[in-house]
Amino acid sequence: MKNINIAIDGPAGAGKSTIAKMVSKKLGFIYVDTGALYRTIALFITENNIPDEDIEKSLPKADVSLRFIDGAQRVFLGDRDVSDVIRTPEISMAASRTSAIPAVRAYLFDTQQSIARSNNVIMDGRDIGTVVLPDADVKIFLTASAEERANRRYKELAEKPDCPSYQEILDDIIKRDYQDMHRETAPLKQAEDAVLVDTTNLDLEGSANEIIRIITEKTGCDK
Ligand code: DC
């Protein structure tokens with residue numbers, strides 16, 4: 001039987017990964033966070049000080065892979081697990097920049113498609129429904145207002161030392177949205193056949209339930 005593929009796209013901070021994790025646990029699907037792949041390429045480029053003109057030819061040396069340990073995704077650069085070190089604001093911004101490079105997108109395309117071919121997946125990113133899995137069984141475009149996304153991020157970071165201000169977080173989100181939506185290759189946009197879910201006024205549980213409802217309606221899959 002063909003595997004079920006669910007695509008979830010949307011801007012930074014809409015809650016894609018938290019919600020997709022909750023939904024995949026409920027359905028017994030593998031959750032694939034494709035942003036981690038772009039972040040890992042950004043880390044590779046940053047750590048090795050690779051100039052823009054050399055990025056394309058250096059990609060085969062990057063050796064980026066995803067492994068699923070106890071059902072949870074970890075991302076590797078060679079043998080090194082970089083799942084945690086790719087989560088800094090610097091790497092977020094660098095990933096947004098490097099993900100606009102067509103050679104980077106082409107390099108990561110097969111990795112993403114082959115995981116979806118051999119597993120039931122919920123895959124989140126920016127171009128999953130439009131480019132990577134255009135035949136996905138269900139496509140969701142998950143969004144929330146920029147102010148609400150900044151607010152959530154601020155609350156998450158508020159306890160940590162060197163927490164950026166709300167305004168800095170909001171400016172970062174607006175800048176990343178602009179970069180992700182205006183690049184030439186595979187920009188962030190809602191696929192024509194995607195269902196829009198706006199989580200501005202929904203909590204995590206409410207958002208996950210709404211997505212499970214949509215998936216159940218479209219696939220009959222309601223484990
Ligand atoms: O989802 P995230 O914030 O971890 O993604 C980091 C960056 O990677 C984001 O700014 C855009 C890019 N990205 C992309 O271009 N395509 C994807 N499928 C996933 C992420």
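Computation of the quantities below employed the complete heavy-atom set of this structure, encompassing side-chain atoms and omitting hydrogens, waters and symmetry-equivalent molecules. Read the numbers this way: they start at 1 and go in the same order the structure lists the ligands and their atoms. A quick note: this is a predicted structure, and the numbers were derived from the prediction, not measured.
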Proximity of Ala12 to ligand 1 by residue part, where a heavy atom lies under 4.0 Å: neither
Taking only heavy atoms of Ser96 into account, list the atoms of ligand 1 that are under 4.0 Å away from them. 10 (O)
Pair Asp172 + Arg153: basic N to acidic O under 4.0 Å: no
Please work out whether any backbone atom (N, CA, C, O) or any side-chain heavy atom from C-beta onward of Met93 is under 4.0 Å from ligand 1, and answer side chain, backbone, both or neither. neither
Considering only heavy atoms of Gly125, which atoms of ligand 1 have at least one such atom less than 4.0 Å away? 17 (C), 18 (N), 19 (C)
Backbone N or O of Gly10 within a donor-acceptor pair of the Lys16 side chain at under 3.5 Å? yes
Taking only heavy atoms of Asp180, which atoms of ligand 1 are found under 4.0 Å from at least one of them? 9 (C), 10 (O), 11 (C)
Give a yes or no on this: more than 12 heavy atoms of other residues, nucleotides or ligands lie within 6.0 Å of atom CG of Asp203. yes
Suppose we measure from atom 19 (C) of ligand 1 to each protein heavy atom; which comes out shortest, and what is that distance? Thr34 OG1, 3.4 Å
Residue, atom and distance of the protein heavy atom nearest atom 4 (O) of ligand 1 read Arg39 NE, 2.7 Å
Side-chain (Gln113) to main-chain (Val132) donor-acceptor, under 3.5 angstrom: yes
Could you establish whether Gln179 and ligand 1 come within less than 4.0 Å of each other, counting only heavy atoms on the residue side? no
Considering only the protein, which heavy-atom contact is closest to atom 7 (C) of ligand 1, and what is its distance? Ala95 CB, 3.8 Å
Close N or O approach (Arg183, ligand 1; < 3.5 Å): yes
Check each atom of ligand 1 against the heavy atoms of Ser99 and keep those under 4.0 Å away; list them by number with element. 11 (C), 12 (C), 15 (O)
If you measure every N or O of Lys16 against every N or O of ligand 1, does any of those distances drop under 3.5 Å? no
Which atoms of ligand 1 sit under 4.0 Å from any heavy atom of Asp127? 16 (N), 17 (C), 18 (N)
Salt bridge present between Glu156 and Arg152 (N-O < 4.0 angstrom): no
Can a donor-acceptor pair be found, under 3.5 Å and without considering hydrogens, that links the side chain of Asp70 to the backbone of Ala72? no
Within 6.0 Å of CD in Glu53, more than 12 heavy atoms from elsewhere: yes
Give me the residue, atom name and distance of the protein heavy atom closest to atom 8 (O) of ligand 1. Tyr38 CB, 3.5 Å
Kindly check if the number of other-residue, nucleotide or ligand heavy atoms within 6.0 Å of CZ (Phe68) is above 12? yes
What I want to find out is whether Asp84 reaches Arg74 closely enough, with some N-O distance under 4.0 Å, to be called a salt bridge. yes
If you scan protein heavy atoms around atom 1 (O) of ligand 1, the nearest is Arg126 NH1, 2.9 Å
Considering heavy atoms of the protein only, find what lies nearest to atom 16 (N) of ligand 1 and give residue, atom and distance to 0.1 Å. Arg105 NH2, 3.0 Å
Are there more than 12 heavy atoms of other residues, nucleotides or ligands under 6.0 Å from atom CD of Glu56? no
